[in-house]
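One structure is given below, encoded as structure tokens.
By convention here, the first residue in the shown sequence is residue 1.
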Amino acid sequence: MNPLRSLTNHQFDPFKPHPELDGVEVPEINWSNNSDPFGMFASRGMAPPKIPKPSEVRQEAKDRSTNIFAYYEELQSILERHEATIRKRWEKKTRTQRLAILLQAWPGMPPTHRPDFGAFYKHAGNLNSVAIQHRSSFIWPLINQEDLGEPKTLPLLLNSRGRNHPSLFAASDGEAMHLGKVTMAIVAIFLNEHVMTLNGITRQEDYGRLIAWEDHEDAFDWMHSRKQFLPGEGLLILESQERLLEFLVDCCKTILHDIPLDEMTSNKFTIQPEPPLKESLDATGFSTLSVMAKEAPYRPPARLDLEKIESLLSARTVRAEDHIWSLREDPSYFAETMLDMKEHLVGAHLTSKLPRDDPWARVISSVLIESFSQLESFAELRNQAIHLCELSRKYGPELSPQKDLPEEYLAALLKFQHYLKQVTKGVLDRLKLSVVAPPPMRAFFARSDLRSASSSTKIIPNSMKRDKVTQQLLWLLTTLWEDGYDLFLCRMTTVIDELDRLLKAEPKALELISPYIAMLIGELSITGECFRQLEIFQPWANGFESALVDRKEGIKKQFKEHTKPWAKIHDTFKEHNINAIWQLGDPSDGKFQYPVGKRQNKANIETLRRSEANLDAFWNAVDDMLYRKTGSLNGTAYQQVISQPRYLQRTPEWVEPAARKEEKANQNNASYDYVLPFSRLFQETGSTSARAEVLASAAGKTKVKRRGVSEVESTSEDDTAAVPPPGSLPDVQPTFKVDARALKVFRTVFFDPAANTTAGEVAWRDFLHAMEVTGFTAEKLYGSVWHFQPTRLDVERSIQFHEPHPRGKIPFLVARRHGRRLSRAYGWYGTMFVLKDNN
């Protein structure tokens, strides 16, 4: 993952050189009556856009606006009196009955979710020839049988459109047609030197008003900054709203078929309080990002939720920190990570018969670069999100759709968007390199050069036959990682939504996705949700592109300067440097065997201690190399993490049972030692004296034994210099009274080999239950990522875990790591959890 690359920009930049246009003469153009000056439509065999007169546009806009307000007022009156009845009747109907009502009000309604995307995928390369046939799908992608046939969707749509003014939806209705507009499946009329007002317009006579540039001093700016709309865009939005509101009124009348039409909105029925909407949950009873994304078009346009963005990014940053600490602390985690990466690197799994050095240098390099890049990227995004939250609180009360964003707020949003594109490109690059390598996918691809195992070898699809599901899965994944024109047209959020739907609907597709690839999809779900939040920040999001013109180079320059330390670490971890130390990190010889779940005996204890010593030796070599080649890590999240006064959990020396019994009279038996990691040298400014002092004491590391939850014993001469390990701090933790199901989970994740507990797997549903009863809400993101937000705890920090794939069981070693992460995040330990008295 290289965080220094950005997503490809497929838009034409008039300020950059274009050699392909050298020698091309642009004729004189009369923009008033030529709607296809460069022949774009003619080259596709399409007629150019119509050029109506301003008077014709005004009349059409007036007629549609009149109908919109008539339908809106009628729908509002119906819902004020009958919304609860409509909702109850709709939920009681069978799916067949619901579809009959929908098709009566909208004949020919497309059968599947996102019919616009379906048409784009099915007719790729030939869309213009079938554009007229699918025009309705591109204007109203939310109108389809699959979504509206569900019990909750139509009531959501009725509530949002009948309880909110049409102007609130103007920008989002225009954005809903994005795919149709950029593919030219929808062709708007062309009328130059005019603008149409819809955003923030509440008076009927001004809604859809056509204004010539010369008639208002701000008219051109409204068009250029996209605060308002081009006349063709405006007419499409009016058409969309008119037909949609008519459809909703017809549905209401059919559902309330037993009430005479002349009485439906009369005083015979009193106005009722608005019934509350139910919380959106999936079939398992949990909130999921896919459910929220699916319902978003049917709800009122959401406001920019910066708190949610900050929560997602903070939890992802913590997960990156925990990943680095787990690699340094847990030999089994380190070995599994290396072996998994080997399976996902092109050529790394091949035999040594190929003309290539041992692949472990490349594997270790990839793990180090990925771990570092994840931390730096998401920590920076988190910090920017925190700053945006502060600006939102500062400027939020004064925001108005008819006003520009404050400069400070706009600049911060554009900077965040740029960094978000950089991070996303890094994840897409990793996806491209990883999807084709593991066994489930390996059969569908081939290397262009069979004699080379190099990562630069081009990977191409082979001729192996693919079924429909596999073909669609590969198309979606390829669209993501190629970062080509299809992704630009569809937008990444749409492709990720479709990928998630496919994986949920088709078990065969899910079988082809390895846990590591599911993790990468989860990464994209986090950055994709950030993109989605920016896209819904309307009407200002429409003007981001225009606002970026004068700021782009400054943002790029600032990014390059800010990421110079990242580049130094990235270069240090490259394969040619790792060649000197890869043998220390090669897990193939069993040097990281870690039988932590087995019964304690002298042989097992010695194996644990030997593996821990091997891991420490590897990281000592990495840290020394990093120190020599970078000099200073000041300003990086990596420096902040490894300079924290954290302790590594280490296995104490074996004590014979007889000697242990004698000690019990005076002290409890210690399950683990806690040692200061070698990288304490990064707590200093890099002075040679500080480094020499740590190197000199490396042979006898400071140890702190944990006994129970509070006793501390140190072999250091200066106890004030040592930072207490987890569990020894005076912070008093609550006692959680939980049921037997949750208690069993916590006894496993906080496994104590000295106690009478049994090492075993944990069912994922049991883990979700345990987190819920202790005060967390669980939300499923895409891929395998779950986001846990504290709601009833005296903490604000959220945390993320990966759902086990493909089995629904958490292996013991992974469950134990979850316990370590909970301990680092919240100070939790096993004895905090006791069985609740049902009486």
Side-chain angles (χ1 to χ4, degrees), residues 6-12 44 110 112-131 133-144 146-147 172-187 233 236 289-290 292-294 296-297 417 420-421 424-425 427-429 431-432 435 468-469 471-505 509 520-521 523-536 538 541-542 544-545 782-783:
S6 185
L7 288 172
T8 306
N9 184 3
H10 294 275
Q11 293 173 308
F12 181 83
R44 291 170 169 80
T112 59
H113 172 80
R114 282 304 300 260
D116 56 336
F117 185 85
F120 176 81
Y121 171 70
K122 183 178 180 180
H123 301 286
N126 192 37
L127 187 60
N128 296 127
S129 62
V130 296
Q133 175 186 346
H134 294 281
R135 183 176 184 275
S136 175
S137 297
F138 285 99
I139 296 180
W140 298 277
L142 77 167
I143 299 298
N144 62 84
E146 181 179 338
D147 294 336
S172 60
D173 285 341
E175 277 297 292
M177 306 178 207
H178 166 80
L179 186 56
K181 290 187 290 188
V182 296
T183 58
M184 293 192 227
I186 305 172
V187 180
E233 290 179 310
L236 284 172
L289 197 61
S290 60
M292 290 189 290
K294 187 176 181 179
Q417 185 185 56
L420 193 60
K421 290 179 179 179
T424 302
K425 179 60 177 177
V427 181
L428 293 179
D429 286 345
L431 188 71
K432 181 177 183 177
V435 165
K468 183 178 179 181
V469 172
Q471 185 64 35
Q472 186 177 0
L473 175 64
L474 292 177
W475 185 88
L476 290 169
L477 291 171
T478 305
T479 299
L480 284 172
W481 79 55
E482 290 296 340
D483 187 22
Y485 197 56
D486 283 348
L487 186 64
F488 170 71
L489 295 177
C490 297
R491 288 182 173 167
M492 188 182 72
T493 50
T494 302
V495 178
I496 294 175
D497 286 345
E498 290 301 313
L499 178 58
D500 181 71
R501 289 185 67 253
L502 180 66
L503 295 177
K504 286 183 176 179
L520 292 181
I521 295 172
E523 302 279 85
L524 291 174
S525 77
I526 295 173
T527 60
E529 179 59 21
C530 294
F531 277 122
R532 193 195 312 276
Q533 290 292 330
L534 294 179
E535 290 168 4
I536 66 176
Q538 298 292 351
N542 281 341
F544 284 171
E545 184 180 333
Y782 293 156

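Residues satisfying the side-chain contact (heavy atoms from CB on, under 4.5 Å) test with A131, not counting sequence neighbours, are A185. With sequence neighbours left out, E175 forms a side-chain hydrogen bond (donor to acceptor under 3.5 Å, both in side chains) with R491. Not a single ring-ring contact (aromatic ring centres under 6.0 Å, His included) links H178 to another residue, sequence neighbours left out. With sequence neighbours excluded, no residue satisfies salt bridge (charged side-chain N to carboxylate O under 4.0 Å, His left out) with D486. Residues that satisfy the salt bridge (charged side-chain N to carboxylate O under 4.0 Å, His left out) test with E535, not counting sequence neighbours, are absent from this structure. D173 is linked by a side-chain hydrogen bond (donor to acceptor under 3.5 Å, both in side chains) to R161, Q241, counting only residues two or more places apart in sequence or in another chain.
What you find for I521 and L503 is that their closest heavy atoms are CD1-CD1, 4.0 Å. Contact detail for G180 and F138: the closest heavy-atom pair is CA-CD2, 3.3 Å. Of all non-hydrogen atoms in T493 and G528, the two that sit nearest each other are CG2-O, 3.2 Å. For the pair L487 and T479, the tightest heavy-atom approach, listed with the atom from each and the gap, is CB-O, 3.6 Å. The two residues P141 and P115 have their closest heavy-atom pair at O-CD, 3.2 Å. The minimum heavy-atom distance linking P297 with L142 is given by the pair O-CD1, 3.7 Å.
To the nearest 0.5 angstrom, L127 atom CG is 7.5 Å from L179 atom CG. We find the CE-OG distance between M177 and S172 to be 9.5 Å, quoted to the nearest 0.5 Å. One distance of note links CD1 of I139 with NE2 of H134; it measures 13.5 Å at 0.5 Å rounding. The CD1 atom of I186 lies 9.5 Å from the OG atom of S137; values are rounded to the nearest 0.5 Å. A distance of 6.0 Å separates CZ in R135 from CH2 in W140, rounded to the nearest 0.5 Å.
Between L520 and L428, every side-chain heavy-atom pair lies at or beyond the 4.5 Å cut-off. T183 places none of its side-chain heavy atoms less than 4.5 Å from the side chain of D116. For the pair F531 and K421, the minimum side-chain heavy-atom distance is below 4.5 Å. Annotation: side chain of N144 is not in contact with side chain of T112 (no heavy-atom distance under 4.5 Å).
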Show your reasoning for whether side chain to side chain contact (heavy atoms under 4.5 Å, CB included) applies to L480 and M492.
-> CA-CA 7 Å; L480 284 172; M492 188 182 72; 3.8 Å; yes
Might you work through the side chain to side chain contact (heavy atoms under 4.5 Å, CB included) test for V435 and T478, ending with a clear yes or no?
-> CA-CA 9 Å; V435 165; T478 305; over 6 Å; no
Determine, stepwise, if the pair L534 / L420 fulfils side chain to side chain contact (heavy atoms under 4.5 Å, CB included).
-> CA-CA 11 Å; L534 294 179; L420 193 60; 4.3 Å; yes
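Using a 4.0 Å cut-off between charged nitrogen and carboxylate oxygen, D497 and R501 do not count as a salt-bridge pair.
Below 30°, between 30° and 60°, or above 60°: for W475 and Y121 the angle between ring planes is above 60°, a perpendicular geometry.
In this structure, the side chain of K181 engages the main chain of G174 through a donor-acceptor pair within 3.5 Å.
Residues H113 and D147 have side chains that bring a donor and an acceptor to within less than 3.5 angstrom of each other.
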